[in-house]
Amino acid sequence: MKAAGAGEAPLAGQEGLQGLLQGWVERGWLRPLDRALVVFLQEQLPAASPPALLLAALASHQVGRGHVCLDLEATLADPDRTLSLPPEGETPVDGTPPPRPSQCLAGLGMADLVSALEDPDLVGAGPGCTPLVLQGRRLYLRRYWACEQRVAGALAERLLGGAAVREAMAPERLHPWLERLFGPPDAQGIDWQRAACALAASGAFAVITGGPGTGKTTTVVRLLALLQALHLETGADVPLRIRMAAPTGKAAARLNAAVAGALGGLALPRDAFGQAVRDAIPARVTTLHRLLGSRPGSRHFRHDARRPLAVDALVVDEASMIDLELMDALLQALPPEARLILLGDRDQLASVEAGAVLGELCARAGEGHYTPERAAWLQAVTGQPLPPERQDPSGNALDQHVVMLRHSHRFGADSGIGRLARAVNAGDAQAVAAVWAEPGRDLMRRGLKGPEDPALPAVAVDGGAGDRPPRADGAHPEGYGRYLQVMATADPGPGAEAPERDAWAREVLAALEGFQVLCALRRGPWGVEGMNHRIAAFLRERGLLDPQGIWYAGRPVIVTGNDYGLGLMNGDMGVTLRVADAAGNPVLRVAFPAGDGSDRIRWVLPSRLTAVETAFALTVHKSQGSEFRHTALVLPDRAGPLLTRELVYTAITRASRWFTLLEPRRGILEEAVMRRVLRSSGLQAALEGRLERGE
């Protein structure tokens, strides 16, 4: 393999390769970790060719960008997209820039890349101990290939091994309970929530996907009532052991509140049996890491295939945030006979780590692909016909256990947020423009002349309430001034007892959910770091904050790494409050929700928090699993690979009542809408292959 266009220099021997990679690292195009992998491989395999090691570095870098593997076809089509070009918050670097991948790989074809990887010590085709695995046109680091294979195998086993479950869930058993829980069926069309319950009850694995407000939580609470009722009516002495979890503490708290609200509306018999069913539905939600039992300083969990979870059914919300390795750990820890039910919005951003598991599992959800046999079964169970366009004689086993909820109860036809989210999700720039032409009361779009534009503090402090009319209910959008006002006026004082302090903290945390600034980037003037500094300055200028050092009353924080000693998980959010210590002296403490499904407050010394950041501004990724009454999305002044349709859609759908778009240049939003996240992975192909072979 010869790198045409750039001559032999970029890859001339091991030293030439290391110089190339070091140049990429210095400019932020490549991670130091990726270069370190190549150094290690050179030490272990001195005969490995520079071209093969270059591809190893690119495969490693892809993992850091969320891809499971390096797609060789995509690499040849656009080599420079394999690096972080340009890196976020890029600063000029003196000197001549190093050759880019497009120069190093110029003139090469697929046969050249495959030939370069024909090294039996470095690259294998499947099981073995080589550092890399090449399958078709996908190049993997072995760990991620093995992880993908285990996930595909575990899912195929659940999808193909549910015959006993399906037989037990005969239509004559399911139909009466579905009618009780949902009411009489409307024979004119399918109720997808009812169908989701039926399909999820008929197997060991199910995925329920849908946008915000489509009723995923309501559906799953009815599903759990259905499962418990069917189980208890057989005369079982104990109910099913059901657990519910979410990837982050914030998502767990949201699911917990939603489940508590939905439990009260269950249409169950008003007798001892109905009460037994109601009591058997879990009311508390935990995080996945707490459920699996994280081990400090380790990638492993306390629960695994040898020490499985003691559950009969597990519900996981916000499944779009689950990366490939976490899904692997979850499936290994779940007993084979236990049900797994995944909930999530397939159109949201995928996990920060490698993999887009939910997106791949739901790739065909929009069309349905239910077999005629499955359609007939569904009609017998629900009393409703399945539309012909959702049927497919060639539908596979996965299709029969994936349901997409389609009607949003949160955003009505006149909701600007709902219309904007749908237009962005469809990638329809014209529809996006049409929404902004008549935005409605819940949308605002503001241009920014620069990071110091006064429009930003106006939105951050009071939500820009003076720039838009109130909603029909008279409510105005909120800014951070609201929670700071609650912090000041609801303070119970230095003599307060613990219950009063906890109630105050809960009230402040609830008010903090009224508004959130979101950014596409972390660094740079339009990123989280710059915005957090500016917003704190705005609030100080208005007399709402009095920052004295890093820690001050009113500082909101987000946990950026799991702290097992404190029981805090990545994504947990808290607020700094001034309270009295045992001697009556004023001290700062950070109040966090307990994260165990209760309404308890955990008070933590600021000095013990080593992995937290100020949270006036969050990245859109960090906001996943959260909901705020008002969100403001700050776009950067130029488009880049991070600014995508999925990111904008996720930001919009974090808002329940108001959404504000802040942009330094018109056209950035439209460019983002036309760009999609495409993650390289072979999970869908691996799973389909196993299902076809019946493995």
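Since we're looking at a predicted model, the values are computed, not measured.
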Exercise for the section: Supply the atom-to-atom distance Glu118 CD to Ser115 OG, rounded to the nearest 0.5 angstrom. Expected result: 5.0 Å
Handout entry: Side-chain ion pair, Arg35 and Glu26, N-O less than 4.0 Å
Key = no
Exercise for the section: Taking the side chain as every heavy atom from C-beta outward, state whether Leu314 and Leu340 have any pair of such atoms under 4.5 Å apart. Expected result: yes
Practice task
Tell me, please, whether Trp145 has Arg138 positioned over its six-membered ring: NZ or CZ under 6.0 Å from the ring centre and within 45 degrees of its axis?
Solution key: no
Exercise for the section: State, yes or no, whether a side-chain contact exists between Glu367 and Asp392 at a heavy-atom distance under 4.5 Å. Expected result: no
Practice task
Drop me the distance from Ser60's OG to Leu37's CG, to the nearest 0.5 angstrom.
Solution key: 5.0 Å
Practice task
Decide yes or no for Tyr144 and Ser681: does some side-chain heavy atom of the first lie under 4.5 Å from some side-chain heavy atom of the second?
Solution key: no
Practice task
Please determine if Arg679 and Glu360 form a salt bridge, counting it only when a charged side-chain N lies under 4.0 Å from a carboxylate O.
Solution key: no
Practice task
Might you confirm whether atom CZ of Arg81 has over 12 heavy atoms from other residues, nucleotides or ligands at distances under 6.0 Å?
Solution key: no
Exercise for the section: Determine, step by step, whether Phe205 and Leu334 satisfy the side chain to side chain contact (heavy atoms under 4.5 Å, CB included) criterion, reporting the C-alpha distance in whole Å, the side-chain angles of both residues, the deciding distance to 0.1 Å, and the verdict. Expected result: CA-CA 11 Å; Phe205 177 69; Leu334 200 62; over 6 Å; no
Problem - Close side-chain approach of Cys519 and Trp526, heavy atoms under 4.5 Å - result: no
Exercise for the section: Please say whether more than 12 non-hydrogen atoms of neighbouring residues, nucleotides or ligands are located less than 6.0 Å from CZ in Arg693. Expected result: yes
Exercise for the section: Report yes if the side chains of Leu155 and Leu361 come closer than 4.5 Å at any heavy-atom pair, otherwise no. Expected result: yes
Fill in the blank from the handout: For Lys216 and Ile208, the nearest pair of non-hydrogen atoms, with its separation, is CD-O, 3.9 Å
Exercise for the section: With the side chain counted from C-beta on, respond yes when Leu292 and Asp304 share a heavy-atom pair under 4.5 Å apart, and no when they do not. Expected result: no
